[in-house]
Amino acid sequence: MSVLYFSLLLVMAVLAFALARGRASSGARAAAFHSRPNYHGLLAASLVAIPMLVVFVIGAILTKMIAESQALTALDPALLTDPLRRGAALREIVEVANGRFRGNPSITLQAAGDTWAYVQRVARFSIYGLGLAAGIGGLMFALRSITPDLKARNRFEWLVTVLLMICAGIAVLTTIGIVFSVVFETVRFFQKVPPMDFLTGTQWSPQTAIRADQGGSSGAFGVVPLLTGTLLISGIAMLVAGPIGLFAAIYMAEYATPRFRSTAKPVLEILAGIPTVVLGFFAALTVAPLIRGAGEYFGLSVASESALAAGLVMGMMIIPFVSSLSDDVITAVPQSLRDGSLALGGTKSETIRRVILPAALPGIVSAFMLAISRAVGETMIVVMAAGLAANLTFNPLDAVTTFTVQIKTILVGDQEFDTAKTLAAFALGFVLFFFTLTLNVIALAIIRKYREQYD
Amino acid sequence: MQNLALETVAPVVESVPVPKITAKDVNVHYGEKHAIKDVSVDIPAKGVMSFIGPSGCGKSTFLRCINRMNDTIPICRVTGDLRIDGRDIYEPGLDPVLLRARVGMVFQKPNPFPKSIYENVAYGPRLHGLASNKVEMDELVEWALRRAGLFEEVKDRLKDSGTSLSGGQQQRLCIARAISVRPEVILMDEPCSALDPIATAKIEELIDELRANFTIVIVTHSMQQAARVSQRTAFFHLGKVIEEGVTDQIFMNPRHELTRNYITGRFG
Ligand SMILES: Nc1ncnc2c1ncn2[C@@H]1O[C@H](COP(=O)(O)OP(=O)(O)OP(=O)(O)O)[C@@H](O)[C@H]1O
Ligand SMILES: [Mg+2]
């Protein structure tokens with residue numbers, strides 16, 4: 001039904017546009033109009049589309065509310081108090097109403113289904129009727145208000161501003177909503193586990209007893225091993241990707257011939273498109289055994305899953321982020337600065353080191369920050385190559401684990417959502433969020449300081 | 001204009017005292033485009049020579065040949081004989097980096113580095129190790145800024161960014177930067193095109209002072225400026241030097257009709 005409604009809406013809007021534009025551009029007085037005909041058309045189209053849209057949205061919400069309450073009155077009121085059974089009953093009603101119920105519905109259920117279908121039918125007609133009326137009303141109003149003095153451009157632009165504001169608002173609200181839901185669950189977690197234990201504990205084993213009579217693991221929620229694991233792997237990754245990515249970018253931007261650049265750059269960007277699960281494969285099956293073999297050759301004991309393997313492969317993953325973005329900012333440094341340095345007798349490398357890199361620094365810093373955020377948030381490679389063991393260690397040859405891996409491990413499978421174990425995932429998510437937020441703030445501060453100095 | 005011959009007028013031989021730079025049959029191609037055609041000019045030492053001519057005639061291109069800045073343009077090809085103090089600057093063994101330390105350049109658009117005023121001027125001396133300590137560097141920076149007529153205006157804000165200066169101040173900063181390495185030759189490509197009359201007058205004054213120690217080549221679109229600051233002038237047209245000689249002579253008594261038309265403002 002909605003497809004038909006929106007086709008109608010579109011037709012009406014186009015019609016309004018054409019009519020209004022025609023009216024505003026006809027006659028000898030066309031030149032006297034404040035706004036150009038297109039704006040009159042756009043304003044009229046909005047005056048038709050917006051009321052129709054509002055009718056549809058409000059109608060849909062009301063329909064659902066009325067249909068549910070009407071249909072459920074036919075059923076046992078005891079059902080309504082339990083949300084789970086209420087939901088199940090509603091599903092059955094809808095099935096009956098649509099004739100998709102398997103088996104024979106009881107009389108009450110059949111009655112409820114009929115009520116549901118009836119409400120839907122009435123609602124559909126009302127929405128079409130009201131919508132059409134609103135559209136035609138809007139059209140009439142729009143056409144009647146077209147005069148040379150009508151500031152159609154300003155009004156339409158105001159409407160556009162409002163639309164943009166709504167979109168920005170949605171983006172901000174979603175972010176706030178996500179943060180709040182995480183914070184909320186985190187607070188619940190801290191009611192079960194003291195924050196100090198969580199933040200300073202050095203033991204991480206989130207297995208708690210499911211039943212009271214189960215013995216054994218009581219659960220330890222110390223986040224420190226995860227923090228060190230995350231830092232270790234991200235650190236190794238940045239040690240790989242930072243220099244390689246930056247130097248590759250410098251080569252591409254300053255030394256490579258245009259032909260080499262035009263082939264190498266896309267190839268490098270393909271690397272960014274490799275699914276991380278494939279890279280994880282590569283890490284676990286190729287790199288980890290290689291490191292193990294090498295370690296054994298030198299008489300070192302290497303875990304079969306090691307931070308080094310995960311870090312190296314993760315470094316490979318983020319090289320394109322560093323190199324591609326850095327390449328862009330280096331290329332964006334004006335040629336006149338290069339010329340200025342060369343004309344003073346600077347060599348190419350002196351020019352790069354003393355003029356181009358400082359000028360490109362803000363962009364390079366943000367490239368690095370983006371890469372670090374990617375590394376900290378990456379899960380798949382770590383799961384496959386670094387293991388799940390929460391060891392508190394800085395030895396890159398040991399198995400370690402990270403925030404994201406633990407969140408994933410905790411939440412995989414069927415879970416009760418109110419045990420300390422599952423709630424711990426939210427607390428981890430919160431810490432992770434705080435971590436990346438801090439990184440971003442630091443990056444912004446660096447960039448701003450630099451800009452103030454040199455812009 | 002089409003019926004005017006493009007033949008060049010033979011230079012008046014006696015008038016170049018000691019040539020610092022000699023160009024003979026220089027040709028420049030940008031890919032297929034022939035931008036400079038058989039240009040031969042002598043540029044005297046310790047003096048100012050101006051290049052004039054209509055837009056697109058190759059003045060900048062030729063100027064950039066003198067410090068080999070055209071090397072940075074991949075499609076650009078320079079042939080012919082260009083010498084400074086008798087030494088071929090395009091000979092294979094010559095390092096263009098060393099050449100550019102001797103032949104400074106001021107660009108049409110001011111291009112200060114995004115560094116402090118002090119660091120802008122200290123950049124060249126640092127590259128070439130011209131100051132052995134902080135005191136010497138301070139002196140050198142002050143000297144260059146004074147010569148460029150900028151020191152009094154910026155002496156309290158040497159730490160501020162060079163890009164925070166006004167356009168005219170930026171151009172003088174670039175001049176200070178160019179003279180800080182004490183080059184023998186300074187090439188200036190329309191250094192006053194973005195400046196107001198007062199800043200222009202300051203820079204002209206500066207050029208007049210500098211010519212005692214430096215060889216200066218200036219590209220300009222202003223006839224008055226060429227007449228005021230230069231002792232010799234070359235008139236470029238469609239990639240050729242049509243006429244070249246003592247400035248007063250070129251302006252008072254041009255020998256070629258194209259030159260006369262150009263300086264009397266009949267075209268270009
Ligand atoms: N980088 C380049 N690539 C290709 N062609 C170029 C390049 N630079 C200059 N040219 C061409 O060479 C010719 C001479 O240009 P040039 O910049 O030397 O002129 P100009 O005399 O300095 O002009 P103006 O007075 O406008 O600065 C022009 O036709 C121009 O199109
Ligand atoms: Mg030019």
Side-chain angles (χ1 to χ4, degrees), chain A residues 250-265 326-367 444-455, chain B residues 60 63-64 66-75 95-117 119-130 159-164 170 173-174 176-183 185-189:
Chain A
I250 292 173
Y251 178 75
M252 300 273 248
E254 297 292 328
Y255 291 96
T257 61
R259 248 187 63 206
F260 177 80
R261 189 178 140 87
S262 63
T263 40
K265 211 176 171 206
S326 305
D327 180 33
D328 289 345
V329 292
I330 292 172
T331 317
V333 173
Q335 181 62 30
S336 66
L337 292 184
R338 293 185 180 86
D339 287 349
S341 171
L342 293 176
L344 282 166
T347 64
K348 197 158 187 169
S349 70
E350 284 164 341
T351 303
I352 292 169
R353 225 174 36 241
R354 298 183 184 215
V355 175
I356 297 176
L357 289 185
L361 191 67
I364 294 174
V365 169
S366 40
L444 281 179
I446 293 174
I447 291 168
R448 191 161 321 125
K449 179 154 179 285
Y450 193 87
R451 286 254 163 88
E452 262 167 25
Q453 218 172 338
Y454 291 135
D455 239 13
Chain B
S60 301
L63 199 68
R64 289 164 59 90
I66 303 176
N67 66 345
R68 290 187 60 174
M69 280 304 284
N70 282 331
D71 291 12
T72 60
I73 303 172
I75 57 166
D95 185 353
V97 169
L98 297 180
L99 171 72
R100 291 185 198 127
R102 289 170 56 204
V103 184
M105 186 163 205
V106 177
F107 295 83
Q108 179 166 354
K109 223 174 124 251
N111 58 347
F113 300 132
K115 299 174 181 292
S116 69
I117 294 171
E119 283 303 323
N120 259 283
V121 182
Y123 182 84
R126 275 199 218 292
L127 286 182
H128 304 295
L130 299 185
K159 291 244 157 3
D160 289 8
S161 170
T163 50
S164 68
Q170 287 188 11
L173 179 63
C174 291
R177 193 174 71 184
I179 60 179
S180 68
V181 292
R182 307 196 194 219
V185 180
I186 302 176
L187 311 172
M188 298 185 169
D189 193 350

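Chain letters run A, B, ... following the sequence lines, proteins first and then strands; every chain starts at 1.
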Toward chain A, the part of [X] with a non-hydrogen atom under 4.5 Å:
X	value
B:Arg68	neither
B:Arg102	neither
B:Pro110	neither
B:Val106	neither

Inset, instruction - Specify the closest pair of heavy atoms between B:Tyr123 and A:Arg354, including all atoms of both residues, with the distance to one decimal. - result: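 Smallest interatomic distance, heavy atoms only, reads CE1-CB, 3.6 Å.
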Inset, instruction - Please report the shortest heavy-atom distance between B:His128 and A:Gly345, naming the atom on each side. - result: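 It is CE1-O, 3.2 Å.
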Legend entry - Close side-chain approach of A:Leu344 and B:Phe113, heavy atoms under 4.5 Å: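 They are in contact (side-chain heavy atoms under 4.5 Å apart), so the answer is yes.
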Inset, instruction - Check whether any side-chain heavy atom of A:Leu337 lies under 4.5 Å from a side-chain heavy atom of B:Pro114, and answer yes or no. - result: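 Side chain of A:Leu337 against side chain of B:Pro114, heavy atoms only: contact under 4.5 Å found.
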If I take atom [atom1] from residue [X] and atom [atom2] from residue [Y], how far apart are they, to the nearest 0.5 angstrom?
X	Y	atom1	atom2	value
B:Thr72	A:Lys348	OG1	NZ	9.0 Å
B:Asp95	A:Thr347	CG	OG1	9.0 Å
B:Asn67	A:Leu342	CG	CG	9.5 Å

Inset, instruction - Using non-hydrogen atoms and a 4.5 Å limit, figure out which bit of A:Ser341 sits close to chain B: side chain, backbone, both or neither. - result: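 Both parts, backbone and side chain.
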